[in-house]
Each structure stands twice: as C-alpha cells, then as structure tokens.
Amino acid sequence: MEIRLKKVTLEQTKTPPETLSGVVFGTVFSDHMFSMEWGEGKGWHSAQIKPYGALRLEPSSMVLHYAQMSFEGLKAYKIESGKHALFRPRENFERMNRTAQRMCLPELDTEEVLDALKQLLRLDSRWIPDEDGTSLYIRPVILATEEAIGLKVSSKYLFFIILSPVGPYYSQGFNPVNIMVSEKYIRAVPGGIGFAKTGGNYAASNLAEKEAKELGYSQVLWLDALERRYIEEVGSMNIFFVINDCVVTPMLTGSILPGITRKSVIELGKHWGLNVEERRVTIDEVLKGLENGSVTEVFGAGTAAVISPVGMLAYKGQDFQVGKGETGPVAIRFYKHLTGIQYGKKSDPFGWLELI
Ligand code: COI
C-alpha cells in the first residue's frame, strides 16, 4: 500500500502533555492520523498520513443514520529497552474483520493496515508516553460514507486511525470499582451484534450506565437477554470471577465481546497452571458465592481498563461486597504480569509484543 504523507507544519505541531495525571482518558490526540477510503471496484485506496483534524462528511453519510461502522482499541507502549511496542495488534485487526462481516463492512488487509499503523506510530513516537501506567491508545474506525438515506449497505467507506496518550481508564486507577447489575435493560441478544465491536452496542448501554452513575456505581454488569440470569460482560470490559480458587469467565455465546485482554488472561492463567473455566455463570451463583465466601474476587479485563478489580456488586437494590472490598491477589497477579509483558519488564513467552 502506498501511503501519501502530509506532515503537520511547525505552527500545527502540538506538545504532548507533560503528565497524564488529571487528563481524562481519550481526550488528547497526537499530531497525525492515518486514513484511507474504500469504493466498489476500487477497494481500499487513497491511503494517507496527515495532520489530525476534522473529517469532511456529508450530513447524508450513511453511518450518521444507520450506524454501519466498527471501531477497535489497542495500545502502544514505551518498553523497558527504550523501544516502542504494540500488544497483540493482529488480534484487533482480525476482530475488526469479524465485525466487518457482521456489519457488511469491507475487510482490511491485516498486514497492510498494521504496517500503516507502525508508520503512523513512528512519525508520532514522541506521543507514546513513558510515565508509569501510561500508553498511547490507538483507535481504528471504519465508517459507511455513501451519501444516501435509503436503508442499504453502503458502497463507500472511510477507515482512519487516531492516537491518544492515556493513563488509567477509570479515575480510581487500579482501585476497586463498584458495579451495578442491570435488571431493567439488556445489551445484546442471541443472533444480534453483541460480539461485534460496533458503536451501537455502546450507545445502547449509555442509559443504563447513566442511571448506575447517578446511584454511585461506575459501570453496569450485563445479564443475558433471554433469562436475565447469565452474566455477560461490563460496559467497557469482560468480567472474571475467582470461585473456589478457579478463574471463571462467561463463555463466548455470541452476545459477548471476545476481548483480547480476556483472551490473554485466560492464556496466562492456563500457562501458570491455574484452573481457568469459560462457562455460563449465573448472577445467583456469584451473589451466593459472595455471601458464603466461595467467590473471593471479581475483576474486569479490557484494553482500556487493563485489569480492573470490582469491590462491590449491586443487584435489586442490595449491595454485595467482594471480599473486603479490596483488590485481591489474583487480580494483582494478572495486572502485574500482563503490564509487565506490555512494558517489556517481564519475559514474553507468547510473543505478544510486537516492536514498532
Ligand atoms: C477498549 O477497551 O479498548 C474499548 O474499546 C472499550 C471502550 C469503551 C473504551
């Protein structure tokens, strides 16, 4: 793929924040972005790296009406050796292609797009932060851009990648968050788009999250749509439980996002010889387990959230504390090891890091 390069001028050049403490996740963007377009008979074309800036979209662009789109989230790290690296980037572009199939979007050439991302990152490498616990969050997006408001599959698309230096996703950092189990709303149904990384899933979760926040909880835990008993995931991450020393996470049923951090936790846990189970988990099993002490930890896992301990689950107006409401040893072990690999501080037996 040939990429046209248009760099920022001296006046357009921005200064990365000196510190990311106090900077809200995903609100600062680097100097450049990557973009390319797709048209019928042409495929992907007009690849360019250009100054970060507004998109030119007609108000009739199909994505604005019918939400035909996909997005991804991955991170670049400044690693121990002083070099820069990505964490399992192919997994993201492969997932984007699976979302693309469900959302009728054109697929990407994983290697070409990874190469384009690396070129963008090399150009904006000074935006990869080196403060503890920080990284450069990468947001690839595909949008339907045909100018037509009849409902159909678009014949034109835009793909872009933007970069945002970030610290922790939650203001609590690595401290436990309190989560409300949603009784009133559901996120995804069998046969729907729950497994796809597409904006509609997140738009549909906003109201529940807003209501949970009003009651003092950070996020919502979703139950299955049919029986409202099986645990699915949290708004911005997958969920794990430590039940009788076994690491348990809901199996992928099609309505759960197949998280890359989720997959890494499972693989890491098995590598350590822990009992790791992907199975259906009911809310009753977890709440009873919290009461009788068989559930000792609950934590979330996601690219933005990394490993995020849960201190309290609220269900039907009742609060259930997880252990002593503190971060547990299993969550700490996963957090330290995963971030150890991501920052090149621990050996990487799986080959998850990819140098930029
Ligand atoms: C991520 O973890 O990268 C996501 O895309 C979740 C998003 C809600 C920030």
Side-chain angles (χ1 to χ4, degrees), residues 20 23-29 67 69-77 86-100 102-103 117 121 128-129 133-143 159-174 177 179-180 182 185 187-188 193-210 212-213 217-222 232-240 249 252 255-266 299-310 334-335 338-339 342 352:
L20 286 164
V23 175
V24 176
F25 183 97
T27 53
V28 173
F29 298 94
M69 67 83 67
S70 165
F71 75 91
E72 271 299 329
L74 64 160
K75 283 174 172 172
Y77 305 85
L86 290 159
F87 183 72
R88 311 189 81 176
R90 282 182 188 79
E91 294 279 342
N92 291 86
F93 293 117
E94 282 160 14
R95 183 171 65 186
M96 197 162 210
N97 280 343
R98 292 196 298 276
T99 300
R102 180 65 178 82
M103 301 301 290
L117 170 61
L121 289 167
I128 303 176
T134 62
S135 56
L136 187 66
Y137 188 81
I138 300 161
R139 175 51 60 87
V141 179
I142 306 177
L143 303 175
F159 171 83
F160 64 81
I161 304 176
I162 54 174
L163 309 173
S164 174
V166 297
Y169 185 68
Y170 295 111
S171 55
Q172 291 91 333
F174 186 56
V177 292
I179 287 186
M180 195 173 116
S182 178
Y185 308 107
R187 173 186 173 274
I193 55 170
F195 72 90
K197 198 135 177 89
T198 187
N201 282 329
Y202 296 81
S205 68
N206 276 345
L207 178 60
E209 216 141 278
K210 179 171 168 268
K213 283 203 173 120
Y217 303 95
S218 309
Q219 292 262 316
V220 167
L221 179 65
W222 296 104
E232 300 228 305
E233 65 176 87
V234 179
S236 58
M237 54 191 188
N238 294 110
I239 191 90
F240 284 83
T249 193
L252 300 177
S255 50
I256 295 175
L257 186 86
I260 293 149
T261 313
R262 174 189 181 278
K263 188 173 177 183
S264 306
V265 166
I266 293 170
F299 59 90
T303 297
V306 196
I307 299 293
S308 180
V310 176
F334 277 116
Y335 178 80
L338 202 58
T339 54
Q342 288 167 338
W352 285 341

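Both counts, for ligands and for their atoms, begin at 1 and track the order of listing.
- Less than 4.0 angstrom separates some heavy atom of Ser236 from each of these atoms of ligand 1: 8 (C).
- For ligand 1, the polar-atom distance check against Ala304 finds a nitrogen or oxygen pair separated by under 3.5 Å.
- In this structure, Lys197 is part of the shell of residues with a heavy atom less than 4.0 angstrom from ligand 1.
- For Thr99 (side chain) and Lys197 (main-chain N/O), a donor-acceptor pair under 3.5 Å exists by modelled atom type.
- Between Tyr169 and ligand 1, a contact under 3.5 Å exists for no N or O pair.
- Between Tyr169 and Phe25, the ring-plane angle classifies as perpendicular under the 30° and 60° cut-offs.
- Here the closest heavy-atom approach between residue Ile193 and residue Asn201 is recorded as O-ND2, 2.8 Å.
- Under a 4.0 angstrom heavy-atom cut-off, Arg139 registers as being in contact with ligand 1.
- Checked against Glu72 for a salt bridge (charged side-chain N to carboxylate O under 4.0 Å, His left out), the options Arg139, Arg88, Arg95 give a single hit: Arg95.
- The distance from ligand 1 to the heavy atoms of Phe71 drops below 4.0 Å at these ligand atoms: 5 (O).
- Residue Gly73 approaches ligand 1 through these ligand atoms, each under 4.0 Å from one of its heavy atoms: 3 (O).
- Salt bridge Arg262/Glu233: absent, no basic N to carboxylate O contact under 4.0 Å.
- Checked by distance only, ligand 1 and Tyr137 come closer than 3.5 Å through their nitrogen or oxygen atoms.
- Ring pair Phe299/Phe334 is tilted by interplanar angle, where 30° to 60° counts as tilted.
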